[in-house]
Enquirer: 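Here you go, one structure.
A quick note: this is a predicted structure, and the numbers were derived from the prediction, not measured. Keep in mind that the numbers below use all heavy atoms, side chains included, and drop hydrogens, waters and symmetry copies.
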Amino acid sequence: SGAAYASAVVLLSLASTPCAAIADVGTGQQLFDAKCAACHAGGGNVNPLTDKTLKKEALQKYGYADEAALSALISKGKGQMPAFGEGVPDFLRLSDEQIGSVAEYVLKQAANGW
């Protein structure tokens with residue numbers, strides 16, 4: 001039937017699309033809300049003594065304005081910010097795909113002014 005054919009086409013197109021190309025920004029937002037928003041709600045920083053926020057200007061100033069650099073920061077952590085990549089307890093750990101989704105979400109929010 002036509003519906004079965006359409007479903008097959010969608011599944012085949014998703015199967016042939018690289019995972020990074022179909023990263024779910026909704027998932028990035030959900031993960032950000034769960035893991036990051038306590039300190040970075042609205043792109044800010046709960047520490048009023050720092051300008052290390054997730055605003056576009058701060059990301060550019062500190063070298064985190066691209067997905068690879070921001071993903072590395074999320075994975076490894078820095079200073080007061082905890083790591084979420086390999087080597088952390090399972091309850092904190094995010095997969096590389098999840099980290100990429102969070103980075104993509106943050107960069108899109110920063111570009112839109114949060």
Enquirer: If you compare all heavy atoms of Gly63 against all heavy atoms of Ala69, which two are closest, and at what distance to 0.1 Å?
Expert: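 Nearest pair, atom of Gly63 first, then Ala69: O-CB, 3.3 Å.
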Enquirer: Say you draw a straight line from NZ of Lys108 to CG of Asn112; how long is it, rounded to the nearest 0.5 Å?
Expert: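 Rounded to the nearest 0.5 Å, the NZ-CG separation comes to 9.0 Å.
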Enquirer: Contact between Val88 and Pro82 at the side-chain level, heavy atoms closer than 4.5 Å - yes or no?
Expert: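 No, every pair of side-chain atoms sits at 4.5 Å or beyond.
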Enquirer: Could you measure the distance from the CG atom of Leu107 to the OG atom of Ser71? Nearest 0.5 Å is fine.
Expert: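 If we round to the nearest 0.5 Å, Leu107:CG and Ser71:OG are 8.0 Å apart.
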Enquirer: Could you state the interatomic distance from CD (Glu67) to OG (Ser101), rounded to the nearest 0.5 Å?
Expert: 8.0 Å
Enquirer: Can you name the ring pair (Phe, Tyr, Trp, His ring centres under 6.0 Å) partners of Phe32, sequence neighbours left out?
Expert: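 Applying ring pair (Phe, Tyr, Trp, His ring centres under 6.0 Å) to Phe32 gives Tyr105, Trp114.
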Enquirer: What's the separation between atom CD1 in Ile74 and atom CG in Leu31, rounded to the nearest 0.5 Å?
Expert: 10.0 Å
Enquirer: Using residues 47-58 as the side-chain source, report each donor-acceptor pair under 3.5 Å to any protein atom, sequence neighbours left out, with the distance given to one decimal.
Expert:
from	atom 1	to	atom 2	distance (Å)
Asn47	OD1	Leu49	N	2.9
Thr50	OG1	Lys52	N	3.0
Asp51	OD1	Tyr62	OH	2.5
Asp51	OD2	Lys61	NZ	2.8
Asp51	OD2	Tyr62	OH	3.3
Thr53	OG1	Lys55	N	3.1
Lys55	NZ	Gly42	O	3.2

Enquirer: Applying side chain to side chain donor-acceptor pair (under 3.5 Å), name anything that partners Lys76, two or more places apart in sequence or on another chain.
Expert: none
Enquirer: Indicate yes or no: at least one non-hydrogen side-chain atom of Val102 is less than 4.5 angstrom from one of Lys35.
Expert: no
Enquirer: Mark yes or no for whether Gln109, through its side chain, and Val106, through its backbone, hold a donor-acceptor pair below 3.5 Å.
Expert: no
Enquirer: Does CD in Gln60 sit with more than 12 non-hydrogen atoms of other residues, nucleotides or ligands closer than 6.0 Å?
Expert: yes
Enquirer: Of all heavy-atom pairs between Ala83 and Ser75, which one has the smallest distance, and what is that distance?
Expert: CB-O, 3.2 Å
Enquirer: With sequence neighbours excluded, give me every ring pair (Phe, Tyr, Trp, His ring centres under 6.0 Å) pair touching residues 83-103.
Expert: none
Enquirer: Who are the side-chain contact (heavy atoms from CB on, under 4.5 Å) partners of Leu73, not counting sequence neighbours?
Expert: Tyr64, Leu70, Lys78, Met81
